[in-house]
K.L.:
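Please see the structure below; I have some questions.
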Amino acid sequence: MTPATLNDYVLISAVLFAIGFFGVLLRRNTLVIFMSLELMLVASTLALVAFSRFNGTMDGNVFVFFILTVAAAEVAVGLAIIVALFRKRHTVQVDELNTLKN
Amino acid sequence: MNLEVVKLAAADNQWGAIFPELMLACIALALLALEIVLPKKLHAYIPDFALSGLVGTLAGLLFNFRSAALGHDTFNGLLHHSEAGQVMRAFFLLVAILVCVLARVSLAKQKMPRIEFYHLVLIVTGAMMLLAQSNHFVMLFVALETVTIGFYILVSYFRTSTASLEAGLKYLVMGALSSGLLLFGIVLLYGVAGNPDLPAHTASAMNFKALAQFLAANPHHFLASAGIVLVLAGVAFKIGAFPFQIWVPDVYQGAPTPVTAFLAVGSKAAGFAVLLILARDVFAAYAWLVTPVLIAMAAATIIFGNLAALTQHNVKRLIGLSGVSHAGFLLLGVVAAATVPMAQGAIYFYLFAYLIASFAVFGVMTHVAGANDSDQDLDHYAGLAKESPFLAAVLAIGLGSLAGIPPLAGFMGKLFIFISAFQGGARWLLALAAAGVVISIYYYFGWIKAAFFEQWMPPADTADPRPARTPVSFVSGLTLGSLALASVLLGFYQGPLGQWLTMK
């Protein structure tokens with residue numbers, strides 16, 4: 001078996017990113033949307049590490065730590081909002097969260 | 001580990017250069033500490049402390065405007081200090097001061113913890129100030145995310161209101177989506193610029209200067225173009241440009257009014273500060289791609305923002321969608337900024353005029369709104385001129401300035417932008433923008449008409465559906481009065497601000 005090349009890594013991360021992106025646009029459950037958002041960040045992280053490894057530059061590896069921290073903060077705030085909303089409305093379906101309308 | 005390298009790197013950390021941001025962080029932490037330490041009856045003074053801290057920081061910044069760091073990179077190239085950066089710093093501090101003044105009016109109507117609100121406003125302001133001076137994609141991403149995550153909490157701050165929580169969730173999903181796009185764009189640019197097989201490849205590919213040199217040497221690389229488009233899309237979300245404006249009306253309606261003002265002015269200005277740095281300097285070699293994208297975005301944004309605002313009855317949605325069209329006018333300036341040096345100054349002047357006029361209008365909105373913050377209808381303004389002539393006058397001046405009626409400041413802002421766009425040669429876009437201005441005058445005057453010319457007919461059988469007007473306190477009256485006055489004065493005399501702008 002040949003070792004994975006840079007192209008393989010970039011391809012996988014692009015596919016992961018696309019899954020996350022269309023997941024956000026198409027899915028109707030808030031929690032699934034949230035997972036898709038995280039998938040987009042993970043895709044970027046994978047590509048960063050691969051580029052860093054194959055280009056021989058260190059910046060990418062360091063950037064990953066910042067992304068992890070940001071993602072953690074985002075999850076903390078996001079889940080708090082979802083829980084608060086669920087207590088009020090007893091649903092996490094996007095279609096039923098329609099208080100704001102013309 | 002080579003200790004000398006670490007020492008050299010540490011010597012580049014000039015903490016004095018980011019003194020205002022450090023001040024804000026310290027004040028923000030002090031607020032939380034004061035809440036624990038002080039007895040309950042003194043808690044009412046903590047917002048005053050936040051406000052005076054902000055005013056002090058702004059005074060210090062203006063006093064030390066020509067700081068020694070100007071024109072230099074600090075923190076190993078993470079930050080670049082420029083005059084434009086100093087102007088944006090002052091801008092964000094001014095926004096934060098006004099948000100705090102509005103919050104005192106608005107939060108008084110809710111049973112909510114107060115102190116955390118001011119804490120978040122200070123943190124977000126500090127992050128915006130760093131964002132406007134960033135010179136490195138790591139700095140840009142971290143500062144932008146600090147701003148965005150702070151806004152998630154602020155938008156859903158009225159957590160007993162379903163509207164506020166839903167707005168928070170919508171902003172969260174849209175904001176995180178745009179951050180994902182931005183991040184993937186950064187990663188692609190980093191990967192391409194570090195490729196050892198390409199000319200002018202660089203080890204520090206996320207530094208703006210190194211990246212600009214790489215892009216200049218490879219002006220038609222496919223992956224780099226894809227990265228640039230993704231980065232622009234991520235920034236377009238923040239400024240609410242078409243087709244990334246879908247979140248604007250809902251989030252603006254659900255968010256507490258001071259936060260709506262913060263989003264409309266602060267967040268948008270931060271987006272434009274970043275966009276100017278990126279489009280003018282970093283992506284300069286890719287103007288063949290960036291300029292058409294920005295032109296298409298500006299045209300669509302102006303058309304959509306104005307047409308969608310025509311049918312709105314909720315004033316928060318109305319001002320949100322009119323803000324979208326203002327983003328379109330500013331994009332027109334960004335397009336011109338690639339070739340016309342004056343355009344950058346025109347954008348800053350427009351932002352200041354927009355700040356003054358918007359906060360005058362938002363200030364009136366906080367006084368007219370009741371306990372249900374998301375329900376602010378045009379009908380609630382009927383008879384305002386009779387009941388509170390002061391508020392009605394401020395509203396008329398603010399809306400007139402937003403619409404661009406001469407001789408108010410908003411007119412001069414639009415004039416500067418249009419002149420630079422004319423010099424830049426985007427003639428048909430200019431015609432479109434002029435048509436947009438005409439449409440905007442229609443809906444702004446619908447609002448003024450509601451306040452001045454409509455008599456309020458109380459329904460016979462039910463209670464008055466209009467919320468009671470909040471009496472104007474001394475501080476908010478002074479603020480609103482000076483904002484209205486500034487809108488008029490800045491239209492006649494641009495002063496040192498105008499001088500600095502036209503020198504560019």
Side-chain angles (χ1 to χ4, degrees), chain A residues 6 9-10 13-14 17 20-21 24-25 30 33-34 36-52 54-60 62-63 65-67 69-71 73-89 92 94 97-102, chain B residues 136-138 141-142 144-146 148-150 152-153 155-156 159-163 165-177 179-188 190-196 201-207 223 249-254 311-314 317 374:
Chain A
L6 178 58
Y9 283 113
V10 175
S13 81
F17 186 80
F21 183 74
V24 174
L25 294 186
T30 316
I33 289 178
F34 216 64
S36 306
L37 287 171
E38 293 306 311
L39 204 57
M40 287 171 73
L41 292 183
V42 168
S44 304
T45 314
L46 177 64
L48 258 182
V49 175
F51 278 133
S52 196
F54 283 88
N55 288 344
T57 52
M58 278 304 288
D59 290 25
V62 180
F63 196 10
F65 289 106
F66 287 98
I67 297 174
T69 318
V70 163
E74 209 167 72
V75 169
V77 173
L79 286 181
I81 294 177
I82 292 175
V83 168
L85 199 56
F86 183 76
R87 279 196 190 150
K88 287 230 119 195
R89 298 293 308 273
V92 288
V94 176
L97 297 172
N98 51 8
T99 317
L100 299 163
K101 273 277 161 64
N102 270 329
Chain B
H136 196 279
F137 270 126
V138 172
F141 182 74
V142 173
L144 193 70
E145 282 305 292
T146 314
T148 315
I149 291 175
Y152 298 155
I153 311 174
V155 167
S156 45
R159 63 168 190 274
T160 47
S161 144
T162 319
L165 284 175
E166 262 181 38
L169 184 67
K170 277 190 180 151
Y171 190 61
L172 173 80
V173 171
M174 286 300 160
L177 186 68
S179 306
L181 292 176
L182 178 82
L183 184 62
F184 206 68
I186 293 173
V187 171
L188 285 183
Y190 165 75
V192 175
N195 189 343
H201 69 91
T202 163
S204 56
M206 287 196 238
N207 187 293
L223 267 185
D250 285 351
V251 172
Y252 277 36
Q253 186 193 349
T311 55
Q312 299 298 328
H313 280 281
N314 184 303
R317 295 180 82 91
S374 62

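We name chains A, B, ... by the order of the sequence lines, and we start the count at 1 in each one.
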K.L.:
Which answer fits A:Val24, side chain, backbone, both or neither, if we ask what part of it has an atom under 4.5 Å from a heavy atom of chain B?
P.N.:
side chain
K.L.:
Answer yes if the side chains of A:Thr57 and B:Tyr190 hold a donor-acceptor pair under 3.5 Å, and no otherwise.
P.N.:
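Indeed, the side chains of A:Thr57 and B:Tyr190 share at least one donor-acceptor pair under 3.5 Å.
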K.L.:
Checking B:Thr146 against chain A: side chain, backbone, both or neither under 4.5 Å from a heavy atom?
P.N.:
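Neither part, no heavy atoms under 4.5 Å.
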K.L.:
Measure the shortest side-chain to side-chain distance between A:Leu48 and A:Ile67 over non-hydrogen atoms and say whether it is less than 4.5 angstrom.
P.N.:
yes
K.L.:
Please flag which part of B:Ile186 lies under 4.5 Å from any non-hydrogen atom of chain A: side chain, backbone, both or neither.
P.N.:
side chain
K.L.:
Looking at chain A, which one of B:Thr160, B:Leu188, B:Val192 has the largest number of heavy-atom pairs inside 4.5 Å, strictly under?
P.N.:
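Of the options given, most contacts go to B:Thr160.
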K.L.:
Side-chain contact, heavy-atom cut-off 4.5 Å: A:Glu74 with A:Glu38?
P.N.:
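Side-chain contact under 4.5 Å: yes.
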K.L.:
Can you say whether A:Thr30 sits under 4.5 Å from chain B via the side chain, the backbone, both, or neither, judging by heavy atoms?
P.N.:
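The side chain, not the backbone.
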K.L.:
Where does B:Thr162 contact chain A at under 4.5 Å (heavy atoms): side chain, backbone, both or neither?
P.N.:
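For B:Thr162, backbone and side chain are both near chain A.
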K.L.:
Can you tell which of A:Thr69, A:Val94, A:Leu25, A:Leu37 has the highest number of heavy-atom pairs within less than 4.5 Å of chain B?
P.N.:
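Most heavy-atom pairs under 4.5 Å with chain B: A:Leu37.
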K.L.:
Under 4.5 Å, counting heavy-atom pairs only, tell me which of A:Phe34, A:Phe63, A:Phe54 racks up the most with chain B.
P.N.:
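Of A:Phe34, A:Phe63, A:Phe54, A:Phe63 has the most heavy-atom pairs under 4.5 Å with chain B.
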K.L.:
Taking every non-hydrogen pair under 4.5 Å, which of B:Asn314, B:Val142, B:Leu181 racks up the most with chain A?
P.N.:
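Heavy-atom pairs under 4.5 Å are most numerous for B:Leu181.
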K.L.:
Select one option (side chain, backbone, both, neither) describing which atoms of A:Ser52 are under 4.5 Å from chain B's heavy atoms.
P.N.:
both
K.L.:
How are the rings of A:Phe17 and B:Phe184 set relative to one another: parallel (under 30°), tilted (30 to 60°) or perpendicular (over 60°)?
P.N.:
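Taking B:Phe184 first and then A:Phe17, their aromatic rings lie parallel (interplane angle under 30°).
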K.L.:
Drop me the distance from A:Met58's CE to B:Ser204's OG, to the nearest 0.5 angstrom.
P.N.:
13.5 Å
K.L.:
Heavy-atom pairs under 4.5 Å with chain B are the metric here; pick the option from A:Val10, A:Asp59, A:Leu6 that has the most.
P.N.:
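When all of A:Val10, A:Asp59, A:Leu6 are compared, A:Asp59 has the most.
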K.L.:
Using the test salt bridge (charged side-chain N to carboxylate O under 4.0 Å, His left out), find all partners of B:Glu166 that sit at least two apart in sequence or belong to another chain.
P.N.:
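Expected list: A:Arg89.
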K.L.:
Given a strict heavy-atom distance threshold of 4.5 Å, which part of B:Ala205 is in contact with chain A: side chain, backbone, both, or neither?
P.N.:
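Just its backbone gets close to chain A.
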K.L.:
Quick one: CZ on B:Phe141 to CG on B:Leu182, what's the gap to the nearest 0.5 Å?
P.N.:
7.0 Å
K.L.:
Taking the side chain as every heavy atom from C-beta outward, state whether A:Phe21 and B:Leu177 have any atom pair closer than 4.5 Å.
P.N.:
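Yes - at least one pair of side-chain heavy atoms lies under 4.5 Å apart.
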